[in-house]
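Report on the following structure.
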Amino acid sequence: MTPGALILSDLAHVLLLVTLLSHLGRKFAGDHLGRRRGALIGFALGAALSVLPGEGNPAFYTRAILGDPGALGWILLLHWLSWTVRDRPLLSTKELRWLAMAALTGAILIYPASLGVPGAPDFYQADFGGFALPTAMMGFGLICLWRGYLAAAAGIVFGLLLYGLDLHESANLWDSLIDFPSVVASVVILVKWARAHQRLRAERDRASLPAS
Amino acid sequence: MIGKSTSRFGWRVVLVLACLIAWGVAMRESSTRRPGISNNKNQTGEHSAVLSGFEPVMSRISVGSPAPSVHSATAVELPDGTIRAYWFGGSREGASDVAIWGAALSGGAWSTPEVVVERDQVSRGTRRLVRKLGNPVAYVGADGRVTLFVVSVSLGGWSGSSINRLVLDPEGRKVVSMNRLVASPILNLGTLVRGAALAGGPGEVLLPAYHETIKKFPQLLRVGREGKVLTRGGPAVRGNLFQPWMLESLEAGWELFLRRGEGMEAKVYHSRTEGPDWSDPVAIPVANPNAGISALRLADGSLLLAANPDPDSRENLVLLRAAEPSGPWEAVFTVDTSGREEDEKDLNRVEYSYPWLMTDREGTVHLFYTWNRREIRHWRIGQDRLTVRKEGLRE
């Protein structure tokens, strides 16, 4: 791995840890200390643990299980951290949903062949050195900008740079864009949205019924 | 209000430019990548040269008490003619004390086996927890350096495996650098190696790997000079076909021998490249009990396959020879069947498994295999001796 890739890998796992601990701090210490202060304590604890050497560093374990995140993983973690620590989400609900749908589409394209489903086209293989996905991502980034999704567009630029500047442990553009935990998070985001949408529709239907 | 919208417009312009620059950078990187595995053919087509008239000779490699259980040998010939063998050994397969061991054959004698790399070392080198080590596959590049591709597990069983690339010193004894290969987008789990690696493009290696998280299937990887997977490919398979052995075809392209997993079906399959695609794997008339195989092309272009010929045991190991994959396959050498040895009598189950075939520069065939999980054994056989059935002779 290049030195840049090593540094980004370390930063990604620091981000993962501080985000998780900030969330836990906000949730469990929030009642006594205030939610924001709880989150900041979690953040500080995460940052302190991240400098531990070798096997004492939580990144030693998270890297073993999750590998290095793609751009979507970075964006989702930054969004979660911003929401937890600053009470201000990085992405709007629509932007989040838009990214989640894009991630799910990507997963549907690349996961079946990676699990050996017979006859499934291997889009993952196609983008070890393909020209289609970088171009499609540039188009997607421009659409994001047109729709006003600046953070999403920045994420796509970041993903293309991870790949183009050899800053990711994988040489495949798909891995620089999406990762398995982010795809799982995307599914959760979409399921939550679908449920909320369904509930809202049911309430609207109930409200529109004539009173008996 | 105006200031905020101007700033947002400014950001949009910056991001449009960034998007175009990032696209350019990504396209430049893509243009450095090489075509798929089946499109590429860099080897010369010359098969290992002359015939030689050795009587079959067996050597034993035993690692003794530090590693009572050994398995999965791999071997290469170094530029100075030394044969180096590697295998994994520890208290039992999958234990945390399993290490990769190595020994050298020079001047007709094997050196004392020594640890080449331990689990902790792979953990530190890849900066992540590694719980156990598995199959090694050795490869010597054009620069004479040995690269070991070693299976490791961080989470779960063998289906949670990943492959590590270890570059060794010029003597092939110590690890100089290592990195993790990323071969799957799903947590990079389930990819293993067993078959011999071949030369790809300059500085590149064709690694016949396989996947076994949910289903077993072959996955041929092209590994670049920097130790990253550049392409993956292989035949689409139905059923559990894995542990591919890749050979250069007599015509252009490549062919694969595959082991079949559980079930009552035939146990050895063959596939070959047809232009950019792979043919559907077809069963070949070789009995095998869901056990590891090894394949080699001999100097006259014929094929040599090491397999356990009984459909339900690993008690015998034979070398089979055929002109074509479709057969007929003739047993030309049987290993260790002239009665059980004294030190096998305490065993409930006899097992000769995981063969590894290679030829050296003189054309001598080397067969390595696991002997009852206790020893790695080695035979040297001249190619001209592999014409009629021969019983193995003990040294």
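In what follows, every chain begins at residue 1, and chains take the letters A, B, ... in the order their sequences are listed.
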Practice problem: Could you check which of L6(A), V183(A), L165(A), N57(A) has the highest count of heavy-atom pairs closer than 4.5 Å to chain B? | Solution: L6(A)

Quiz item: Would you say Y149(A) has more than 12 foreign heavy atoms packed within less than 6.0 Å of its OH?
Solution: yes

Quiz item: A154(A), G54(A), G148(A), G67(A): which one forms the most heavy-atom pairs within less than 4.5 Å of chain B?
Solution: G148(A)

Exercise. Select all residues of residues 108-119 of chain A having any heavy atom within less than 4.5 Å of some heavy atom of chain B, and report them by number, or 'none'.
Key: I110(A), Y111(A), A113(A), S114(A), L115(A), G116(A), P118(A)

Quiz item: Looking at L155(B), V14(B), V16(B), which makes the most heavy-atom pairs under 4.5 Å with chain A?
Solution: V16(B)

Quiz item: Relative to chain A, which of R12(B), R127(B), E212(B) shows the most heavy atom pairs under 4.5 Å?
Solution: R127(B)

Quiz item: Any salt bridge between D97(B) and R119(B), counting N to O under 4.0 Å?
Solution: no

Practice problem: Decide side-chain hydrogen bond (donor to acceptor under 3.5 Å, both in side chains) for R259(B) and N290(B); before the verdict, give the C-alpha distance in whole Å, the side-chain angles of both, and the deciding distance to 0.1 Å. | Solution: CA-CA 7 Å; R259(B) 161 186 174 184; N290(B) 180 18; 3.0 Å; yes

Practice problem: Please name all residues satisfying ring pair (Phe, Tyr, Trp, His ring centres under 6.0 Å) with F149(B), sequence neighbours left out, ordered by chain then number. | Solution: none

Quiz prompt | 4.5 Å side-chain heavy-atom contact, L16(A) and L66(A) | solution = yes

Quiz item: Of the listed residues (V157(A), I156(A), L162(A)), which shares the most heavy-atom pairs with chain B below a 4.5 Å separation?
Solution: V157(A)

Self-check item: Option that, when pairs with chain A are counted at under 4.5 Å, heavy atom only, ranks first among V25(B), L129(B), L189(B), I214(B)
Solution: L129(B)

Quiz item: Is there a donor-acceptor pair closer than 3.5 Å between any side-chain N or O of N188(B) and the backbone N or O of L181(B)?
Solution: yes

Practice problem: Please say whether more than 12 non-hydrogen atoms of neighbouring residues, nucleotides or ligands are located less than 6.0 Å from CD in E226(B). | Solution: no

Quiz item: With no hydrogens and no angle check, do the side chains of H13(A) and D68(A) hold a donor and an acceptor under 3.5 Å apart?
Solution: yes

Self-check item: F140(A): ring pair (Phe, Tyr, Trp, His ring centres under 6.0 Å) partners, not counting sequence neighbours
Solution: W98(A)

Practice problem: Could you check which of A59(A), C144(A), A64(A), P181(A) has the highest count of heavy-atom pairs closer than 4.5 Å to chain B? | Solution: A64(A)

Quiz item: Is any side-chain N of the basic residue among R63(A) and D10(A) closer than 4.0 Å to the acidic one's carboxylate O?
Solution: yes

Quiz item: Looking only at heavy atoms, which of residues 73-81 of chain A get nearer than 4.5 Å to chain B?
Solution: none

Quiz item: Contact part of T62(A) toward chain B, heavy-atom cut-off under 4.5 Å: side chain, backbone, both or neither?
Solution: neither

Exercise. Would you please say whether a donor-acceptor pair under 3.5 Å links the side chains of D179(A) and S182(A)?
Key: yes

Practice problem: Find out whether the Lys NZ or Arg CZ of K94(A) is both under 6.0 angstrom from the six-membered ring centre of W193(A) and within 45° of the ring's axis. | Solution: no

Exercise. Report the option among S162(B), C19(B), A236(B) that has the most heavy-atom pairs separated by less than 4.5 Å from atoms of chain A.
Key: C19(B)

Quiz prompt | Most contacts with chain A, counted as non-hydrogen pairs under 4.5 angstrom, among A26(B), P185(B), A22(B) | solution = P185(B)

Self-check item: Six-ring centre of W83(A), R26(A) cation under 6.0 angstrom, axis tolerance 45°
Solution: yes

Practice problem: Please name the pair of heavy atoms, one in L72(A) and one in I178(A), separated by the smallest distance, quoted to 0.1 Å. | Solution: CD2-CG2, 4.1 Å

